[in-house]
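Report on one structure; see the data block that follows.
Whatever order the structure lists them in is the order used to number ligands and atoms, beginning at 1. The model shown is predicted, which means the values in this text are computed figures rather than measured ones.
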Amino acid sequence: RAKHWGIGSYEIFDSAMGAQIQAALRMEGELRQAIERSELQVFYQPIVSLADGAMTGMEALVRWQHPQRGLITPDEFMPMAEETGLSVLLDWWVLRETCRQIQSWDAESDLRSHLLFSINFSSRQFAQPNFVQQVETILAETGIAAHRLKFEITESAIIHNPKSAATVLEHLKSLGIQLALDDFGTGYSSLSYLHGFPVDTLKIDRSFIQNLETDPKSLEIVRTILLLARALDKKVIAEGVETPDQCRLLQSLQCDLVQGYFFSRPVTSAMADAFPMTWPGYSSP
Ligand code: C2E
Ligand code: MG
Ligand code: MG
Ligand code: MG
C-alpha cells in the first residue's frame, strides 16, 4: 500500500513537474521571440535629488508586452531569463534601446542632456568574456557618451568572481560609466566589497524604506548605510519611496537621491516625456 501511495504521488508530482517544465519551456521560447519581435519595452522611472527636487536621472526598467497576457513585469520572467541565459540578450537589448531613446530625446532638445540613465545588468552578464567590448560597440553604434550611463549591478555579480568583476568594473569606470550597487543591504558581505570596488552609488533596498516610519531597525540600517556611504564618499539612492513622510525622514538623514511611486511609477518613454525637470509634488520641509 505504501508503495502504491509512493508511486501514485510520484506520478502526480511528475506530471505537475512536467506541466511546469512545459510552461517554462514555452515561456522561454516566447521570450526569445519577444526579443526578436520587439515585444519588449523599456519603461522609465525618475530619480530625484532631495536637496532641490531636481530630476537627476531615470532608471530603465524592462517590460514585456505579451500578445495574449498583456504587460508583464520582470519579476515574472527575469528569473527564467537568468537561468536560461536569455538575460544576456535581453540586457543588451535594453542597453541598445535606452541609448536609442536618449539619442531621440537629445535630437529634440538638450533638456535631458544632464540626466544619468541607469541600466540593470544581471550577474550573468559580467561573466561574458567580451562584456566591455560589447558595451563599447553599442555606445559607438548609438552615439551615446559613456558618462550619460550608470550601470546597476547587485552584489551577486561581484561575489561569484570578485577578481574578474573588479577588472570589468574598473574598465567600465575608465570609459566614464558610473556604477551603482542595487538592492543594497540585502546582499552578502557588503563592507569588504565596498572598499575595493569602484562603485559610485549605493541603492538602499526598498524593504528598508517601506518600514522606515514603523520599524526602528530599518531606520537604523538606513542611517548606518548613509554614514558608511559618506565615509566612503559614495552617493545613496533610496528606492521605493512612496510617501511624503518617507521623503522628509530621508531628507533629515541627508540622503542624496530618491526614487519611488511618490514621484512616479515607471512609465513608457512617451509618458516620461512629460516628467518635470523639477518635481512639483516635492515639498521642502
Ligand atoms: P530594481 O532594479 O531594484 O528596480 C526597482 C524596482 O522597484 C522596479 O520593479 C520598480 O518598478 C520598483 N519600484 C520603484 N519604486 C517603487 C515604489 O515606490 N514602490 C514599489 N512597491 N516598487 C517600486 P520592476 O520594474 O518590476 O523590476 C524588478 C527588478 O527586475 C529590478 O529591480 C531589476 O532587478 C530587474 N530588472 C528590471 N529591468 C531589468 C533589465 O533590463 N535587466 C535586468 N537584468 N534586470 C532588470
Ligand atoms: Mg535597479
Ligand atoms: Mg533595487
Ligand atoms: Mg532588484
Does [X], backbone or side chain, put an N or O under 3.5 Å from an N or O of ligand 1?
{"X": "Y261", "answer": "yes"}
{"X": "S122", "answer": "yes"}
{"X": "Q210", "answer": "no"}
{"X": "E242", "answer": "yes"}
{"X": "E82", "answer": "no"}

Does the residue E59 have a heavy-atom contact with ligand 1, meaning some pair of atoms that are separated by less than 4.0 Å? yes
Would S87 count as a contact residue for ligand 1, given that I'm defining contact as a non-hydrogen atom of the residue lying under 4.0 Å from a ligand atom? no
Side chain, backbone, both or neither: [X] near ligand 1, heavy atoms under 4.0 Å:
{"X": "Q125", "answer": "neither"}
{"X": "F121", "answer": "backbone"}
{"X": "N120", "answer": "both"}
{"X": "V42", "answer": "neither"}
{"X": "K203", "answer": "neither"}
{"X": "D205", "answer": "neither"}

Regarding [X] and [Y], does a basic nitrogen lie under 4.0 Å from an acidic carboxylate oxygen?
{"X": "E220", "Y": "K217", "answer": "no"}
{"X": "E82", "Y": "R124", "answer": "no"}
{"X": "D200", "Y": "K173", "answer": "yes"}

Among the N, O or S atoms of E152, which one sits nearest to the Mg ion (ligand 2)? OE1
Shortest-distance N/O/S atom, E59 versus the Mg ion (ligand 2): OE2
Decide if the gap between the ring center of W279 and the ring center of F262 is smaller than 6.0 angstrom. no
Decide if the gap between the ring center of F275 and the ring center of F263 is smaller than 6.0 angstrom. no
Under 4.5 Å between any side-chain heavy atoms of L95 and C99, yes or no? yes
Minimum non-hydrogen distance to atom 31 (C) of ligand 1, winning option of L61, V62, I72, I153: L61
Would one find an N, O or S atom of S118, in either backbone or side chain, under 2.8 Å from the Mg ion (ligand 2)? no
From E239, does some N, O or S atom reach closer than 2.8 Å to the Mg ion (ligand 2)? no
Give a yes-or-no answer on whether the side chains of S123 and S156 include a donor-acceptor pair shorter than 3.5 Å. yes
Out of E59, R265, Q259, which one pairs with Q45 under the side-chain hydrogen bond (donor to acceptor under 3.5 Å, both in side chains) rule? Q259
At the Mg ion (ligand 3), OD1 of D182 and OD1 of D183 open up to roughly (10° bins) 90°
Short question: side chain of N211, backbone of S207 - any donor-acceptor pair under 3.5 Å? yes
How close do L115 and R148 get, counting heavy atoms only, and between which atoms? O-NE, 3.7 Å
